[in-house]
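All remarks here apply to the structure that follows.
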Amino acid sequence: MAVKGLGQLDREYNGAHLRVGIVHARWNAVVIEALVNGAIKKLRSMGVEEKNIILESVPGSYELPWGSKRLIDRQKKQGEPLDVIISIGTLIKGSTMHFEYIADAVTKALMGLQDKVEIPVIFGLLTCMTEEQAFARAGIDEGHTMHNHGEDWGAAAVEMASKFGPKAF
Ligand SMILES: Nc1c(NC[C@H](O)[C@H](O)[C@H](O)CO)[nH]c(=O)[nH]c1=O
Ligand SMILES: CC(=O)[C@@H](O)COP(=O)(O)O
């Protein structure tokens with residue numbers, strides 16, 4: 001049995017009343033598509049309605065913090081505010097320091113975003129040293145050595161919105 005991963009949740013959740021935003025980068029599209037689909041599949045299995053999953057994309061992971069903030073702003077302005085947002089990207093180490101700077105900046109910005117927007121931000125950023133690591137974590141490597149991390153992010157979104165989101169208390 002695999003040790004790593006979110007595993008069983010602490011209780012059952014019903015996401016039927018939740019509105020969930022997903023902002024994803026388009027870099028490393030094959031991996032991103034699998035992660036986004038995994039997150040949506042889990043959200044749907046936990047009762048989130050399709051019409052309440054709001055999907056938007058940004059070019060690369062560096063754009064995730066701003067794209068996430070503005071999607072939250074937009075939904076609020078439209079009178080359809082989000083309860084939680086999942087920010088999804090995949091950084092793969094190249095030959096310069098590009099990866100390290102973006103990984104660090106985006107991680108800190110997404111963490112800090114929560115205080116500004118007052119909804120939970122789910123950290124869906126893979127920071128991989130190789131393409132193989134990224135494929136495995138999206139559940140699409142040949143040997144299926146790991147689970148699709150997008151599913152964990154979907155589950156984390158419903159749990160966090162239910163316990164600590166704007167409608168929680
Ligand atoms: N190298 C990766 C990037 N780089 C692009 C940046 O995120 C950004 O879009 C650009 O610098 C314009 O501001 N993005 C990823 O998501 N993944 C990478 O591996
Ligand atoms: C700035 C870039 O997108 C690029 O030159 C970074 O290169 P690498 O991914 O090999 O570090």
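Predicted model, so just to flag it, every value in this text is computed and none were measured. Each ligand, and each atom within it, is numbered from 1 in the order the structure gives.
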- Min side-chain heavy-atom separation Asp141-Gln133 under 4.5 Å: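 The answer is no; the side chains never approach within 4.5 Å.
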Subset of ligand 1 atoms that lie under 4.0 Å from at least one heavy atom of [X]:
X	result
Ile102	6 (C), 7 (O)
Asn28	17 (N), 18 (C), 19 (O)
Thr90	15 (C), 16 (O), 17 (N), 18 (C), 19 (O)
Tyr62	6 (C), 7 (O), 8 (C), 13 (O)
Ile92	19 (O)

- Item | Numbered atoms of ligand 2 (with element) below 4.0 Å of Thr96, judged on heavy atoms |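 Those atoms are 6 (C), 7 (O), 8 (P), 10 (O), 11 (O).
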- Query: Which ligand 2 atoms does Ser95 reach within 4.0 Å, using its non-hydrogen atoms?
  - Reply: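 Numbered from 1, ligand 2 contributes 8 (P), 10 (O), 11 (O).
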- Taking His147 for its side chain and Arg137 for its backbone only, find out whether a donor-acceptor pair lies under 3.5 Å.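 Absent.
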- side chain to side chain contact (heavy atoms under 4.5 Å, CB included), paired with Trp153, selected from Ile22, Val36, Ile122: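 It is Ile122; the other options fail the test.
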Among protein heavy atoms, which lies nearest [atom], and at what distance?
atom	value
atom 13 (O) of ligand 1	Glu63 OE2, 2.4 Å
atom 9 (O) of ligand 2	Gly94 CA, 3.6 Å
atom 3 (C) of ligand 1	Trp27 CD2, 3.4 Å
atom 11 (O) of ligand 1	His98 CE1, 4.2 Å

- Message: Pair Glu56, Arg74 - check salt bridge (charged side-chain N to carboxylate O under 4.0 Å, His left out), show working.
- Response: CA-CA 11 Å; Glu56 191 52 271; Arg74 189 187 82 192; 3.2 Å; yes
- Query: Short check: is a protein heavy atom less than 4.0 Å from atom 5 (O) of ligand 2?
  - Reply: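 No, there is none.
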- Message: Any donor-acceptor pair under 3.5 Å linking the side-chain atoms of His17 with those of Asp83?
- Response: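 No, His17 and Asp83 have no side-chain donor paired with an acceptor closer than 3.5 Å.
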- Message: Check this for me, if you would: do Asp73 and Lys116 make a salt bridge, where the nitrogen-to-carboxylate-oxygen distance has to be below 4.0 angstrom?
- Response: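 No salt bridge links Asp73 with Lys116.
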- To which residues is Leu113 joined in a hydrophobic cluster, defined by side-chain heavy-atom contacts under 4.5 Å among Ile, Leu, Val, Met, Phe, Trp and Tyr, whether direct or through other members?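 So far as hydrophobic clustering goes, Leu113 is joined with Val23, Ile54, Val58, Tyr62, Leu64, Leu71, Ile72, Leu82, Ile85, Leu91, Phe99, Ile102, Val106, Leu110, Val117, Ile119, Val121, Phe123, Leu125, Met129.
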